[in-house]
Structure formats: structure tokens, C-alpha cells
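One structure is given here, and the rest of the page talks about it.
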Amino acid sequence: MEVKTFGVIGAGQMGNGIAQVAAASGLNVIMNDIKQEFVDRGLANIAKNLQRNVDKGKMAADEKDKILARIKTCTDLKDMAAADFVVEAASENEAIKFKIFENLEEICAPHVILASNTSSIPIGRIASHTKRPDKVIGMHFMNPVPVMKLVEVICGLATSAETLETTLALTKRMEKTPAQSNDFPGFIANRILLPMINEAIFCLYHGVGKKEDIDTVMKLGMNHPMGPLALADLIGLDTCLAIMNTLYQGLGDSKYRPCPLLRQYVEAGWLGRKSGKGFYTYE
Ligand code: CAA
């Protein structure tokens, strides 16, 4: 299926990154969020990222303008009727995602593929909120989206071969490398990454080391680009907690229990970079 207009639900850090790479690949993009200030902030972030590329001499100024001109924004989900492929990148919250898919089922033409950028919720569970489970798929981008090369592609039990083929082709068009995962809680990426981050938080909680030392061990000892606590702040501590809860509930093994310190931080509103405070403090 040829895709020309690409819808993105959510203009937050994942949504605006996905909109940017889709527009850069030549697709017309409609980026939606529930409030005008959210779409404005998302668009401003895309403009800032592209301007940085222009300033570094990696992109011509008119190329930046062309990419931005391909992105339309909206706050009414009904505008997704114009899209022929939609990726949902709303908060990692089942109730919110289920409602969005129920609404998209009504709004989008029957042939339209509905993808989710969920980082851990099984695709089959999301697909059951539509009448087109064969056209529901996971398209899981990594943060920061413009930089990270991977897209994890997840088929639910009912996802068709054609839906997979279209999604793989779109991933490559956006100059990303797909890796396929089966439909288990957390898929591959977060089944491995989040227990590592959670264990780093346990190390802090148990006083095994200071936050800087925990991060330094993993950065310099294991050559990770960032330490796990700094990475948790980048991902968002609320998202980390949501993923750990999905792993814990979905796999039923106590090794996936979220660290109490992670829960305390989220309850205090310390969500990482996006709230200005997490394990570290941000301007
Ligand atoms: N948006 C766009 N571009 C960004 C960016 C952002 N938020 N942050 C950094 N960049 C760009 C910079 O502009 C720079 O570009 P150039 O090479 O063109 O100059 C490049 O990335 C490198 O940035 P820096 O030199 O500032 O810093 P760095 O070398 O330390 O790299 C990093 C920053 C790319 C974030 C790197 O630290 C890294 O790879 N960290 C690990 C990220 C990671 O693990 N992501 C996956 C998270 S898990 C996930 O997303 C899945 C989930 O469901 C939770």
C-alpha cells in the first residue's frame, strides 16, 4: 500500500520526533494532540532540531522549510480522516490508547493501518479495541527519534503480512532499521532495557553507590552512551514505571517489580527531563 499522508497522534517527545523523521522522508504529516499548546510546542521542537542541522551545515535552509511545510497540526482527532497510515504516540497508558484506537476506528477509512508506538503494551490488546486487528501493528521508535536508528516492529496475533510489509517499507523510507519482535509485554527492547534501569534504581535505593558512580560504571565500564539513571530521566520516569508495571503484570515474575524509589519519584512529580527533575536536575 502506498502511503502519502502520515498521521501522528501525540506531539510530545516521541510524537514530534516521529513527525520530523516522517516529514524528512517526504511524507505529508498531520500531527495531533489534545491541546494547541502541545502541538505548538511539538512543532517548535522540530523547528529547533532542524535549525540545529542547518547551523551545523548538515542541512540547507530551504530543505528545513520544505520539511516544516509538510507538517500540519491539529487538535481534533477527526482530522486523521485525511491520513492513510496513523501512528499513535500518546502517553503509555492503556485507557488513553484504547480510547484513541476506538475513535480512530470510526474516523479512518477501513484500509488505513493503525500503528502504536507503545513501548510495552501488547499489540493484540490494543488491536482488540478496533474492528481491523489485521491492520494494527507496533511501530516502536527510540528516543531521541531523529538520532536513534532502530524501530522495533511488532505484529499482534492477527496482524496481516501486508500490514507488516507496509510498515517495514515505511520504516526504511524514514532511514530507520527495523527489528521484529513478537507480541510479549515490553517486546525485546524494554524487556531487556527496563530491568537494567530498574536494577540501577535499586542500586541507588539500597545505597550500593551514588547516582554519579552508578552511571559512570555503566558508561565507562560497559561503554553505554549514557548511564542508566540519566537514561531513565531521558525516557521519563512515569514511562519507566508504566513499562515496569506492564512487565510485572504481564509476565508475573517478581524480578520485574518496580523499585519503590521509582514509584516515589513519580508520585512526587519527579519525572526526569520533562519535569526538570528526576535523578538529576535540569534547567
Ligand atoms: N533530538 C534530536 N537530536 C538530538 C537530541 C534530541 N533530543 N539529542 C541529541 N541529538 C543529536 C545532537 O544534535 C548530535 O547531532 P550531530 O551528531 O549531528 O551533531 C547527536 O545527537 C549527538 O548528541 P550530543 O553530541 O549532544 O550528545 P551525545 O553524543 O551524548 O548523544 C544521545 C546524545 C544520542 C542521546 C546519546 O547519549 C545516546 O545515544 N543515549 C542513549 C539513548 C538511548 O538509549 N535511547 C533509547 C531509550 S529507550 C527508548 O526510547 C524506548 C522506550 O520505549 C523507553
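Residue numbers count from 1 along this sequence. When a ligand or atom number is given, it counts from 1 through the structure's own listing order.
For atom 45 (N) of ligand 1, the nearest non-hydrogen atom from the set Ile46, Asn143, Asn117 belongs to Asn143.
Nearest protein heavy-atom contact of atom 8 (N) of ligand 1 is Pro144 CG, 3.9 Å. The closest protein non-hydrogen atom to atom 3 (N) of ligand 1 is Arg52 NH2, 3.1 Å. Looking at atom 30 (O) of ligand 1, its nearest protein heavy atom turns out to be Pro225 O, 5.0 Å. The single protein non-hydrogen atom nearest to atom 11 (C) of ligand 1 is Val147 CG2, 3.6 Å, given as residue, atom name and distance.
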- Message: Please evaluate residues Glu92 and Lys97 with respect to the criterion side-chain contact (heavy atoms from CB on, under 4.5 Å), reporting the C-alpha separation (whole Å), side-chain torsions for both, the decisive distance (0.1 Å), and the verdict.
- Response: CA-CA 8 Å; Glu92 191 65 4; Lys97 290 191 189 290; 3.3 Å; yes
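The part of Lys58 lying near ligand 1 is the side chain, judged by heavy-atom distances below 4.0 Å. At a heavy-atom distance under 4.0 Å, only side-chain atoms of Leu231, from C-beta outward, approach ligand 1. Contacts with ligand 1 closer than 4.0 Å are made by side-chain heavy atoms of His140 only, the backbone lying farther away. Here Asn190 has side-chain heavy atoms under 4.0 Å from ligand 1, and that is the only part of it that gets that close. For Leu193, every heavy-atom contact with ligand 1 shorter than 4.0 Å involves the side chain, none the backbone.
Note on Ile197 and Leu237: same hydrophobic cluster, where clusters join Ile, Leu, Val, Met, Phe, Trp and Tyr whose side-chain heavy atoms are under 4.5 Å apart, directly or indirectly.
For atom 32 (C) of ligand 1, no protein non-hydrogen atom is found at a distance below 4.0 Å. Within a 4.0 Å radius of atom 20 (C) of ligand 1, the protein contributes no heavy atom. Per-atom contact check: atom 49 (C) of ligand 1 touches the protein, criterion being a heavy-atom distance below 4.0 Å. Taking a distance limit of 4.0 Å, we find that atom 28 (P) of ligand 1 is approached by no protein heavy atom. For atom 37 (O) of ligand 1, a protein non-hydrogen atom is found at a distance below 4.0 Å. Per-atom contact check: atom 40 (N) of ligand 1 touches the protein, criterion being a heavy-atom distance below 4.0 Å. For atom 53 (O) of ligand 1, a protein heavy-atom neighbour is present inside the 4.0 Å cut-off. Counting protein heavy atoms under 4.0 angstrom from atom 25 (O) of ligand 1 gives zero.
Remark: Met31 CE to Met80 CE distance equals 9.5 Å, nearest 0.5 Å. Rounded to the nearest 0.5 angstrom, Asp134 CG and Thr163 OG1 are separated by 5.5 Å. Summarising the geometry, atom CD1 belonging to Ile121 is positioned 11.0 Å from atom NE2 belonging to His140; distances are rounded to the nearest 0.5 Å. Rounded to the nearest 0.5 angstrom, Leu193 CG and Asn198 CG are separated by 11.0 Å.
The shortest N/O to N/O separation between Asn53 and ligand 1 does not fall below 3.5 Å.
By the 6.0 Å contact criterion, OH on Tyr282 is enclosed, its count of non-hydrogen atoms from other residues, nucleotides or ligands being greater than 12. Within 6.0 Å of CD in Glu162 there are 12 or fewer heavy atoms belonging to other residues, nucleotides or ligands.
Which parts of ligand 1 touch Lys56 is read off a 4.0 Å heavy-atom cut-off, strictly below it: atoms 12 (C), 13 (O), 14 (C), 15 (O), 16 (P), 18 (O), 19 (O). Ligand 1 places these atoms under 4.0 Å from at least one heavy atom of Met148: 39 (O), 42 (C), 43 (C), 45 (N).
Taking the side chain as every heavy atom from C-beta outward, Lys135 and Val112 never approach each other to under 4.5 Å. Using a 4.5 Å heavy-atom threshold, the side chains of Glu152 and Asn190 count as separate.
Proximity of Thr239 to ligand 1 is not established, as no heavy-atom distance is less than 4.0 Å.
Side-chain atoms of Asn16 never come within 3.5 Å of backbone atoms of Ile46 as a donor-acceptor pair (strictly under, hydrogens ignored). Although no hydrogens or angles enter the test, the distance criterion places no donor-acceptor pair under 3.5 Å between the side chain of Arg263 and the main chain of Pro258. The backbone N or O of Glu105 sits less than 3.5 Å from a side-chain atom of Arg132, completing a donor-acceptor pair.
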